[in-house]
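Report on the following structure.
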Protein chains: 2
Amino acid sequence: MVHRRDAAATREAILRAGVEAFTRAGYDGVGVREIAAAAGVTAMLVNRYFGSKEGLFAEVVDVSVTERTVLGSEPRTLAHDIAAALVRRTAPAADTLDPFLLVLRSAANPRAAEILRAGIEKHVEKHALEVSGASRPDVAIALALINGFWLMRTVIGSTALTEADEAALTDRLEQLFHILLT
Amino acid sequence: MVHRRDAAATREAILRAGVEAFTRAGYDGVGVREIAAAAGVTAMLVNRYFGSKEGLFAEVVDVSVTERTVLGSEPRTLAHDIAAALVRRTAPAADTLDPFLLVLRSAANPRAAEILRAGIEKHVEKHALEVSGASRPDVAIALALINGFWLMRTVIGSTALTEADEAALTDRLEQLFHILLT
DNA sequence: GTCTATATAATGATAGAC
DNA sequence: GTCTATCATTATATAGAC
């Protein structure tokens, strides 16, 4: 880092550390001290730039849910692309840092859940509606399936999913997404 | 309570308070003091009877995941019964205290996640395999769908699911479970 | 712009009295 | 069998120095 006193750079460093920490450990699983240390500053600056832990989390959600990690933008192969990306990114050795993990690991906190709901509806559902042309409930069910699969395979670590044949998993998921999104 | 000094009754009261508290707030969202107070005792007795907060959680998971709240036992109407129970129990006004909520709200904690994985594989997946006759991966995907739907409709509160027509939701879910479990 | 130091509250767990 | 009292740690957030 060139400038040790650069408000914009410091703010950005805290935000990036926040994305990493909240995604890895969830809202309740990490403290502002830890986030600040990862950004190379003290905890005081987190509150200075973001008001509070909750304020930082809100910005983290905003930048995270605008990323596209599973939902593609090609309507013709949508079901297959989602299924393949989902199986690939939830593989046991993948160790991804995905926005869906941020949702799954922070949802237990009521305030975090409300922030997540707003971000998901504003960005993720909106994007999925535009790309797929499916109905709003069907898009929401598809998102539920993605979240649930991510939860069971990565966060819980169900051996029925971690040890399953990946091609078979992909085929079955593609079949389900085909019903929901076409 | 008849006896103010009854080890078995006290232990049972703490366990029941633990089920309620962990299901409502998740592993990290509740303290042993709060659980003890709900059981009418002091925090010290939680550790006395269960060793630690983690020990209590392990027993809570064990009694919770043996409950059957969504998965029925009638193979012929399985897909419909699951879909209907899922939509009914996740209704906005339902305010249920369901084992799936215990999973969703506690999964962020790594130790809790491992305890949950063991309980799910030993009881829930095993039961679902016996009832449905489906393959192990298909059963696991069905469980993922149930968890994801519960997460998005109840914990996150996605309006796309809370405001959707319940009959339409049920029909669509039944279609998906029919593929997975028959 | 960033720090040290601190206020205040809550956490999980334990010692020892009765 | 259950309590009070307490330890050690951690949490978020703030005051004031430089």
Side-chain angles (χ1 to χ4, degrees), chain A residues 1-22 24-61 105-106 108-115, chain B residues 1-22 24-61 105-106 108-115:
Chain A
M1 209 177 297
V2 182
H3 308 289
R4 278 178 56 209
R5 299 189 167 212
D6 180 335
T10 299
R11 205 190 130 91
E12 182 64 22
I14 294 171
L15 186 58
R16 276 187 291 115
V19 170
E20 198 279 335
F22 284 133
R24 177 177 39 77
Y27 184 81
D28 287 331
V30 67
V32 291
R33 279 177 182 77
E34 193 178 338
I35 296 172
V41 297
T42 63
M44 200 234 115
L45 291 192
V46 174
N47 290 326
R48 174 164 172 79
Y49 286 112
F50 298 92
S52 65
K53 181 186 183 182
E54 193 176 327
L56 171 60
F57 182 75
E59 287 217 31
V60 164
V61 169
R105 294 198 169 119
S106 301
N109 186 292
R111 286 187 190 139
E114 170 54 26
I115 294 169
Chain B
M1 207 177 299
V2 181
H3 306 291
R4 279 177 57 207
R5 299 189 168 213
D6 180 336
T10 299
R11 205 191 130 91
E12 182 65 21
I14 294 171
L15 186 58
R16 277 188 290 115
V19 170
E20 197 280 336
F22 284 133
R24 175 178 40 77
Y27 185 81
D28 287 332
V30 67
V32 291
R33 280 176 179 76
E34 193 177 338
I35 296 172
V41 297
T42 62
M44 199 236 118
L45 290 193
V46 174
N47 290 327
R48 174 161 172 78
Y49 285 114
F50 297 92
S52 66
K53 181 186 182 182
E54 194 177 326
L56 171 60
F57 182 76
E59 288 217 29
V60 164
V61 169
R105 295 198 169 119
S106 301
N109 186 292
R111 288 190 189 135
E114 170 54 25
I115 293 169

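Chain identifiers are assigned alphabetically (A, B, ...) following the order of the sequence lines, protein sequences preceding nucleic acid strands; residue numbering begins at 1 within each chain. In what follows, every heavy atom counts, from backbone to side chain, and hydrogens, waters and symmetry copies are set aside.
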Who passes salt bridge (charged side-chain N to carboxylate O under 4.0 Å, His left out) against R111(B), sequence neighbours left out?
E54(B)
Apply side chain to side chain contact (heavy atoms under 4.5 Å, CB included) to A112(A) and list each qualifying residue two or more places apart in sequence or on a separate chain.
Y27(A), F57(A), S106(A), N109(A)
Gap between atoms CG and P, on D28(A) and dT10(D) respectively (whole Å):
17 Å
Which nucleotides of nucleotides 13-18 of chain C have their base under 4.0 Å from a protein heavy atom (B), which only their sugar-phosphate (S), and which neither (-), written as one string 5' to 3'?
BBB---
Before giving the answer on side-chain contact (heavy atoms from CB on, under 4.5 Å), spell out for E20(A) and R16(A) the whole-Å C-alpha distance, their side-chain angles and the decisive distance to 0.1 Å.
CA-CA 6 Å; E20(A) 198 279 335; R16(A) 276 187 291 115; over 6 Å; no
Distance in angstrom units between N109(B) CG and dT11(C) P, rounded:
15 Å
Distance, rounded to the nearest Å, where F50(A) contributes CZ and dA13(D) contributes C1':
16 Å
Side chain proximity check, I35(B) to F22(B), heavy atoms < 4.5 angstrom
yes
Can you tell me the distance, in whole Å, between the CD atom of E34(A) and the C1' atom of dA13(D)?
18 Å
Dot-bracket for DNA chain D: what is it, with Watson-Crick or G-U pairs under 3.5 Å, [ ] where a pair crosses earlier ones, and | for a pair to another strand?
||||||||||.|||||||
Atom CD1 of I14(A) and atom P of dG1(C) are separated, to the nearest Å, by 12 Å
Taking side chain to side chain contact (heavy atoms under 4.5 Å, CB included) as the test, write out the residues that go with A36(B), two or more places apart.
V41(B), A43(B), V46(B)
R48(A) CZ to dG1(C) P, in whole Å, measures 6 Å
Rounded to whole Å, please give me the gap between CD1 in I35(A) and P in dA13(D).
11 Å
Minimum-distance pair of heavy atoms, taken over all atoms of E34(A) and R24(A):
OE2-NH2, 3.7 Å
Test log, rule side-chain contact (heavy atoms from CB on, under 4.5 Å), inputs R48(B) and L45(B):
CA-CA 5 Å; R48(B) 174 161 172 78; L45(B) 290 193; 3.9 Å; yes
The residue among T10(A), L56(A), L15(A) that forms side chain to side chain contact (heavy atoms under 4.5 Å, CB included) with Y49(A) is T10(A)
What nucleotide, of dG1(D), dG1(C), dT4(C), holds the atom closest to the side chain of T42(A)?
dT4(C)
Which residues pass the side chain to side chain contact (heavy atoms under 4.5 Å, CB included) test with A25(B), sequence neighbours left out?
V30(B)
